[in-house]
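As a basis for the values below, the full set of heavy atoms in this structure was taken, side chains included, without hydrogen atoms, waters or symmetry mates. Numbers for residues simply follow the sequence, beginning at 1.
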Amino acid sequence: MPKDIPSQTDKRLDVLETKMDSLVTKTEFRGLETKVDNLETKVDNLGIRVGGLETKVDNLETKVDNMVTRDEFNTTMDEVLTIVRRLDQERVFTIEWVRRIEADVERVKHHLHLV
């Protein structure tokens, strides 16, 4: 038996070991590539969802911009209340004025002997 047979066997074993390491590495990378692809898909889906949410936020901002603030509402209500108070005071004075005129008309009727 020649002495170089064990060395040839060792060389073959080394080559086989290198090939196996290469196969294991390739298999691991294939699994990682699949995981990376899945993650990329999920990130793309998240991007689509975020885009939809941005649209909804923009719509809400538009609605909020068009809404009347509490201060504006309170100011408007104060103005309306002021007008209503003024009208109520005018109503009271108008009623009293009408009563005075009616009383004057009655006096004139008595003075002219129309009653």
Report summary line: Separation between CG (Leu81) and OG1 (Thr76), nearest 0.5 Å, reads 12.5 Å
Requested in this report: Find out if a path of hydrophobic residues (ILVMFWY) with successive side-chain heavy-atom gaps under 4.5 Å connects Val98 to Val92.
Outcome: no
Query raised in the report: Salt bridge between Asp88 and Arg85, side-chain N to carboxylate O under 4.0 Å?
Result: no
**Report entry** Separation between OG1 of Thr82 and CG of Leu87, rounded to the nearest 0.5 Å
**Finding:** 11.0 Å
Report task. Find the distance between CG (Asp58) and CG (Leu53) and round it off to the nearest 0.5 Å. Result -> 11.0 Å
Query raised in the report: Quick one: do Arg99 and Glu102 make a salt bridge, cutoff under 4.0 Å?
Result: no
Query raised in the report: So do the side chains of Arg49 and Asn45 get within less than 4.5 Å of each other, counting heavy atoms only?
Result: no
Query raised in the report: Just by modelled atom types, is the Thr69 backbone N or O under 3.5 Å from a matching donor or acceptor in the Glu72 side chain?
Result: yes
Query raised in the report: Taking atom OG1 of Thr75 and atom CZ of Phe73, what is their separation to the nearest 0.5 Å?
Result: 10.5 Å
Requested in this report: Would you kindly confirm whether Leu114 and Val108 end up in one hydrophobic cluster when ILVMFWY residues are joined by side chain heavy atoms under 4.5 Å apart?
Outcome: yes
**Report entry** Flag side-chain contact, heavy atom, 4.5 Å: Arg12 against Val15
**Finding:** no
Query raised in the report: Side-chain heavy atoms under 4.5 angstrom apart, residues restricted to Ile, Leu, Val, Met, Phe, Trp, Tyr: same cluster for Val105 and Trp97?
Result: yes
Requested in this report: May I ask you to test the Asn66-Lys63 pair for a side-chain heavy-atom distance under 4.5 Å?
Outcome: no
Requested in this report: Would you give the length of the straight line joining atom CD1 of Ile83 to atom CG of Asp78, rounded to the nearest 0.5 angstrom?
Outcome: 11.0 Å
